Amino acid sequence: MTDDDWPRTEAEALAVQDALRPRLLVGPGPQRPATVAGLDVAYHEDGERLAAAIVVLDTTDHRVVDTAVVQGRPAFPYVPGLFAFREIPALLAALDRLTVRPDVLICDGHGLAHPRRFGLACHLGVLTGRPSFGVGKTPLVGSWAPPGERRGDRSDLVDDGETVGAVLRTRDAVKPVFVSVGHRMDLDTACALTLGLTPRYRLPETTRAADRACRDGLLGKDVTVPRR
DNA sequence: GCGACAG
DNA sequence: ATCTTGTCGC
(Lines give C-alpha, C1' and ligand atoms only; values in the text may rest on other atoms or scores of the structure.)
Protein backbone atom coordinates (compact mmCIF):
# COMPACT_ATOMS: atom_id res chain seq x y z
CA MET A 1 0.00 0.00 0.00
CA THR A 2 1.46 3.37 -1.03
CA ASP A 3 0.72 6.99 -0.20
CA ASP A 4 -1.89 7.28 -2.91
CA ASP A 5 -4.09 4.47 -1.76
CA TRP A 6 -3.78 5.27 1.92
CA PRO A 7 -7.33 5.37 3.29
CA ARG A 8 -8.98 8.77 3.29
CA THR A 9 -12.26 7.91 4.93
CA GLU A 10 -13.23 5.95 8.00
CA ALA A 11 -14.99 3.39 5.84
CA GLU A 12 -11.83 2.80 3.84
CA ALA A 13 -9.75 2.50 6.98
CA LEU A 14 -12.15 -0.04 8.46
CA ALA A 15 -11.90 -2.04 5.24
CA VAL A 16 -8.11 -2.06 5.50
CA GLN A 17 -8.30 -3.39 9.06
CA ASP A 18 -10.65 -6.12 7.89
CA ALA A 19 -8.29 -7.03 5.08
CA LEU A 20 -5.18 -7.18 7.27
CA ARG A 21 -6.61 -8.85 10.34
CA PRO A 22 -6.44 -12.37 8.83
CA ARG A 23 -2.69 -11.94 8.49
CA LEU A 24 -2.21 -11.37 12.20
CA LEU A 25 -0.29 -14.14 13.94
CA VAL A 26 -0.86 -14.53 17.65
CA GLY A 27 1.53 -17.00 19.20
CA PRO A 28 4.69 -17.39 21.26
CA GLY A 29 6.89 -14.31 21.24
CA PRO A 30 10.69 -14.41 21.20
CA GLN A 31 11.91 -15.51 24.63
CA ARG A 32 15.27 -13.79 24.54
CA PRO A 33 15.18 -10.97 22.04
CA ALA A 34 18.56 -9.26 21.82
CA THR A 35 17.03 -5.93 20.91
CA VAL A 36 13.75 -4.12 21.52
CA ALA A 37 12.53 -1.01 19.75
CA GLY A 38 10.42 1.82 21.13
CA LEU A 39 8.20 3.72 18.70
CA ASP A 40 6.59 7.08 19.32
CA VAL A 41 5.32 10.16 17.54
CA ALA A 42 5.21 13.81 18.62
CA TYR A 43 2.96 16.45 17.08
CA HIS A 44 3.56 20.09 16.35
CA GLU A 45 0.95 22.39 17.87
CA ASP A 46 -0.23 23.35 14.40
CA GLY A 47 -1.42 19.78 13.93
CA GLU A 48 0.19 19.71 10.50
CA ARG A 49 3.59 18.35 11.34
CA LEU A 50 4.88 15.40 13.29
CA ALA A 51 8.09 13.56 14.04
CA ALA A 52 8.27 9.79 14.38
CA ALA A 53 11.07 8.10 16.25
CA ILE A 54 12.28 4.58 16.75
CA VAL A 55 14.98 3.84 19.28
CA VAL A 56 16.45 0.36 19.44
CA LEU A 57 17.79 -0.73 22.80
CA ASP A 58 19.85 -3.68 23.93
CA THR A 59 17.35 -5.75 25.89
CA THR A 60 19.81 -6.51 28.66
CA ASP A 61 21.50 -3.23 29.48
CA HIS A 62 19.14 -0.80 27.70
CA ARG A 63 21.98 0.77 25.79
CA VAL A 64 20.92 2.58 22.62
CA VAL A 65 21.81 0.46 19.61
CA ASP A 66 20.20 2.55 16.88
CA THR A 67 17.99 5.58 16.42
CA ALA A 68 15.90 6.89 13.54
CA VAL A 69 13.74 10.01 13.43
CA VAL A 70 11.73 11.32 10.51
CA GLN A 71 9.47 14.32 10.11
CA GLY A 72 6.17 14.09 8.34
CA ARG A 73 2.48 14.82 8.39
CA PRO A 74 -0.39 13.05 10.13
CA ALA A 75 -1.78 10.62 7.55
CA PHE A 76 -5.29 10.49 8.97
CA PRO A 77 -7.41 12.43 11.48
CA TYR A 78 -7.43 11.17 15.02
CA VAL A 79 -10.26 8.70 15.41
CA PRO A 80 -10.26 6.27 18.34
CA GLY A 81 -9.98 2.83 16.80
CA LEU A 82 -8.32 4.16 13.66
CA PHE A 83 -5.37 5.71 15.38
CA ALA A 84 -2.84 3.60 13.49
CA PHE A 85 -3.65 5.25 10.18
CA ARG A 86 -2.42 8.52 11.56
CA GLU A 87 1.09 7.42 12.47
CA ILE A 88 2.01 4.33 10.48
CA PRO A 89 3.41 6.00 7.34
CA ALA A 90 5.88 8.04 9.40
CA LEU A 91 6.76 5.07 11.58
CA LEU A 92 7.45 2.91 8.52
CA ALA A 93 9.68 5.63 7.12
CA ALA A 94 11.61 5.67 10.37
CA LEU A 95 11.90 1.88 10.32
CA ASP A 96 13.46 2.11 6.87
CA ARG A 97 16.16 4.31 8.29
CA LEU A 98 17.28 1.88 10.95
CA THR A 99 20.52 0.03 10.35
CA VAL A 100 19.46 -2.90 12.53
CA ARG A 101 16.31 -5.04 12.56
CA PRO A 102 14.90 -4.88 16.08
CA ASP A 103 13.65 -8.21 17.41
CA VAL A 104 10.53 -6.69 18.93
CA LEU A 105 8.54 -3.52 18.26
CA ILE A 106 6.99 -1.89 21.31
CA CYS A 107 4.26 0.56 20.40
CA ASP A 108 2.81 3.50 22.27
CA GLY A 109 -0.80 2.33 22.15
CA HIS A 110 -2.68 -0.96 21.98
CA GLY A 111 -2.60 -4.20 20.03
CA LEU A 112 -5.49 -6.61 20.54
CA ALA A 113 -6.99 -4.33 23.17
CA HIS A 114 -8.93 -2.65 20.41
CA PRO A 115 -12.61 -2.67 19.42
CA ARG A 116 -11.86 -4.81 16.35
CA ARG A 117 -8.74 -6.50 17.78
CA PHE A 118 -6.43 -4.64 15.44
CA GLY A 119 -4.76 -1.73 17.18
CA LEU A 120 -1.52 -0.02 16.15
CA ALA A 121 0.74 -2.79 17.47
CA CYS A 122 -1.12 -5.44 15.44
CA HIS A 123 -1.18 -3.30 12.34
CA LEU A 124 2.50 -2.45 12.46
CA GLY A 125 3.41 -6.04 13.24
CA VAL A 126 1.54 -7.35 10.23
CA LEU A 127 3.01 -4.75 7.89
CA THR A 128 6.57 -5.38 9.04
CA GLY A 129 6.37 -9.05 9.94
CA ARG A 130 8.11 -8.24 13.22
CA PRO A 131 6.98 -9.44 16.65
CA SER A 132 5.19 -6.56 18.37
CA PHE A 133 3.05 -5.49 21.28
CA GLY A 134 1.58 -2.33 22.70
CA VAL A 135 1.94 -0.55 26.02
CA GLY A 136 -0.78 2.02 26.52
CA LYS A 137 -1.06 4.61 29.25
CA THR A 138 -4.86 4.66 29.21
CA PRO A 139 -7.48 2.09 28.16
CA LEU A 140 -9.36 2.07 24.89
CA VAL A 141 -11.64 -0.89 25.49
CA GLY A 142 -12.29 -3.44 28.18
CA SER A 143 -12.86 -3.68 31.89
CA TRP A 144 -10.56 -4.91 34.63
CA ALA A 145 -10.13 -5.35 38.33
CA PRO A 146 -7.43 -3.19 39.89
CA PRO A 147 -4.16 -5.15 39.97
CA GLY A 148 -2.25 -5.50 43.25
CA GLU A 149 -0.17 -2.54 44.35
CA ARG A 150 3.20 -4.16 43.80
CA ARG A 151 5.35 -4.00 40.70
CA GLY A 152 4.65 -7.11 38.63
CA ASP A 153 1.05 -7.45 39.81
CA ARG A 154 -1.41 -7.70 36.95
CA SER A 155 -5.03 -8.35 36.10
CA ASP A 156 -6.83 -9.29 32.91
CA LEU A 157 -8.15 -6.66 30.56
CA VAL A 158 -11.42 -8.15 29.33
CA ASP A 159 -13.56 -6.96 26.47
CA ASP A 160 -16.71 -8.66 25.28
CA GLY A 161 -15.87 -11.73 27.32
CA GLU A 162 -12.37 -12.17 25.98
CA THR A 163 -9.01 -11.35 27.51
CA VAL A 164 -7.47 -8.77 25.22
CA GLY A 165 -4.59 -7.64 27.38
CA ALA A 166 -3.19 -7.13 30.86
CA VAL A 167 -3.30 -4.24 33.30
CA LEU A 168 0.25 -4.33 34.57
CA ARG A 169 1.78 -2.57 37.55
CA THR A 170 5.31 -1.63 36.52
CA ARG A 171 6.13 0.28 39.73
CA ASP A 172 4.94 -0.10 43.30
CA ALA A 173 1.81 1.95 44.00
CA VAL A 174 1.95 3.70 40.63
CA LYS A 175 -0.84 3.73 38.06
CA PRO A 176 -0.61 0.58 35.90
CA VAL A 177 -0.09 0.37 32.13
CA PHE A 178 -2.14 -1.54 29.56
CA VAL A 179 -0.22 -4.26 27.75
CA SER A 180 -1.60 -6.09 24.75
CA VAL A 181 -0.26 -8.41 22.12
CA GLY A 182 0.45 -7.23 18.62
CA HIS A 183 1.94 -9.76 16.18
CA ARG A 184 3.84 -13.03 16.76
CA MET A 185 3.64 -12.37 20.49
CA ASP A 186 2.01 -13.74 23.64
CA LEU A 187 0.79 -11.76 26.61
CA ASP A 188 3.13 -13.30 29.20
CA THR A 189 6.18 -12.51 27.09
CA ALA A 190 4.93 -8.97 26.45
CA CYS A 191 4.46 -8.41 30.19
CA ALA A 192 7.84 -9.93 31.03
CA LEU A 193 9.59 -7.71 28.50
CA THR A 194 7.71 -4.68 29.81
CA LEU A 195 8.82 -5.42 33.37
CA GLY A 196 12.38 -5.83 32.19
CA LEU A 197 12.19 -2.38 30.64
CA THR A 198 10.79 -0.66 33.72
CA PRO A 199 13.51 -0.83 36.37
CA ARG A 200 12.93 2.78 37.38
CA TYR A 201 9.92 4.38 35.74
CA ARG A 202 6.29 3.54 34.98
CA LEU A 203 6.82 3.52 31.22
CA PRO A 204 9.29 1.24 29.40
CA GLU A 205 12.73 2.65 28.66
CA THR A 206 11.94 2.08 24.99
CA THR A 207 8.93 4.36 25.12
CA ARG A 208 10.81 6.98 27.09
CA ALA A 209 13.74 6.98 24.69
CA ALA A 210 11.48 7.21 21.64
CA ASP A 211 9.44 9.98 23.25
CA ARG A 212 12.52 12.10 23.81
CA ALA A 213 13.82 11.39 20.31
CA CYS A 214 10.65 12.40 18.49
CA ARG A 215 10.26 15.54 20.55
CA ASP A 216 13.78 16.54 19.62
CA GLY A 217 12.97 15.65 16.04
CA LEU A 218 10.02 18.00 16.07
CA LEU A 219 12.33 20.84 17.00
CA GLY A 220 14.54 20.00 14.06
CA LYS A 221 17.36 18.87 16.25
CA ASP A 222 19.98 16.65 14.69
CA VAL A 223 19.55 13.02 15.39
CA THR A 224 22.75 11.23 16.02
CA VAL A 225 22.81 7.62 15.03
CA PRO A 226 25.28 5.82 17.30
CA ARG A 227 28.39 4.48 15.57
CA ARG A 228 28.74 0.76 15.46
C1' DG B 1 -30.62 8.99 23.45
C1' DC B 2 -26.29 9.62 26.45
C1' DG B 3 -21.44 8.99 27.43
C1' DA B 4 -16.77 6.91 26.19
C1' DC B 5 -13.18 7.25 23.18
C1' DA B 6 -5.12 4.58 22.23
C1' DG B 7 -2.27 9.30 20.75
C1' DA C 1 -1.07 14.45 21.15
C1' DT C 2 -0.63 19.44 23.18
C1' DC C 3 -1.88 23.53 26.13
C1' DT C 4 -0.32 24.70 31.36
C1' DT C 5 1.30 26.15 37.76
C1' DG C 6 1.87 24.66 41.46
C1' DT C 7 2.87 21.09 44.42
C1' DC C 8 4.07 16.89 46.83
C1' DG C 9 7.98 13.71 47.55
C1' DC C 10 12.49 11.33 47.17
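Given the structure is predicted, the values throughout are model-derived calculations rather than measurements. Just so it is clear: chains get the letters A, B, ... in the order the sequence lines come, proteins before strands, and each one is counted from 1.
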Legend entry - Phosphate-side-chain proximity, A:Lys137 and B:dA6, N/O vs OP1/OP2 below 4.0 Å: no
Inset, instruction - Please check the phosphate of B:dC5 (OP1 and OP2 only) for any side-chain N or O of A:Thr138 closer than 4.0 Å. - result: no
Separation of [N] [atom2] from [X] [atom1] (nearest whole Å):
{"X": "A:Tyr78", "N": "C:dA1", "atom1": "OH", "atom2": "P", "result": "10 Å"}
{"X": "A:Leu140", "N": "B:dA6", "atom1": "CG", "atom2": "C1'", "result": "5 Å"}
{"X": "A:His114", "N": "B:dC5", "atom1": "NE2", "atom2": "C1'", "result": "11 Å"}
{"X": "A:Asp46", "N": "C:dT2", "atom1": "CG", "atom2": "P", "result": "12 Å"}
{"X": "A:Leu218", "N": "B:dG7", "atom1": "CG", "atom2": "P", "result": "17 Å"}
{"X": "A:Trp144", "N": "B:dA6", "atom1": "CH2", "atom2": "P", "result": "11 Å"}
{"X": "A:Leu120", "N": "C:dA1", "atom1": "CG", "atom2": "C1'", "result": "14 Å"}
{"X": "A:Leu91", "N": "C:dA1", "atom1": "CG", "atom2": "P", "result": "14 Å"}

Mind checking if [X] touches a base, just sugar-phosphate, or nothing, with heavy atoms under 4.0 Å?
{"X": "A:Pro115", "answer": "nothing"}
{"X": "A:His44", "answer": "nothing"}
{"X": "A:Gly81", "answer": "base"}
{"X": "A:Leu82", "answer": "base"}
{"X": "A:Arg49", "answer": "nothing"}
{"X": "A:Ala42", "answer": "sugar-phosphate"}
{"X": "A:Leu50", "answer": "nothing"}

Inset, instruction - Have a look at A:Arg117 and tell me which of A:Leu24, A:Asp159, A:Val26 forms a side-chain contact (heavy atoms from CB on, under 4.5 Å) with it. - result: A:Asp159
Legend entry - Derivation and outcome, salt bridge (charged side-chain N to carboxylate O under 4.0 Å, His left out), residues A:Asp216 and A:Arg212: CA-CA 6 Å; A:Asp216 285 350; A:Arg212 272 172 285 154; over 6 Å; no
Inset, instruction - Decide, applying a 5.5 Å centre-distance limit and a 30° plane-angle limit (both strict), whether A:Tyr43 stacks on B:dG7. - result: no
Inset, instruction - With sequence neighbours left out, write down each residue that passes salt bridge (Lys or Arg N to Asp or Glu O under 4.0 Å) with A:Asp58, or none if nothing qualifies. - result: none
Inset, instruction - Inspect the contact between A:Arg21 and A:Asp18 and indicate whether a charged nitrogen and a carboxylate oxygen are less than 4.0 angstrom apart. - result: yes
Inset, instruction - Check every atom of B:dA6, C:dT2, B:dG7 against the side chain of A:Arg86 and return the nucleotide holding the closest atom. - result: B:dG7
Legend entry - A:Thr198 and A:Arg151 side chains, donor-acceptor separation under 3.5 Å: yes
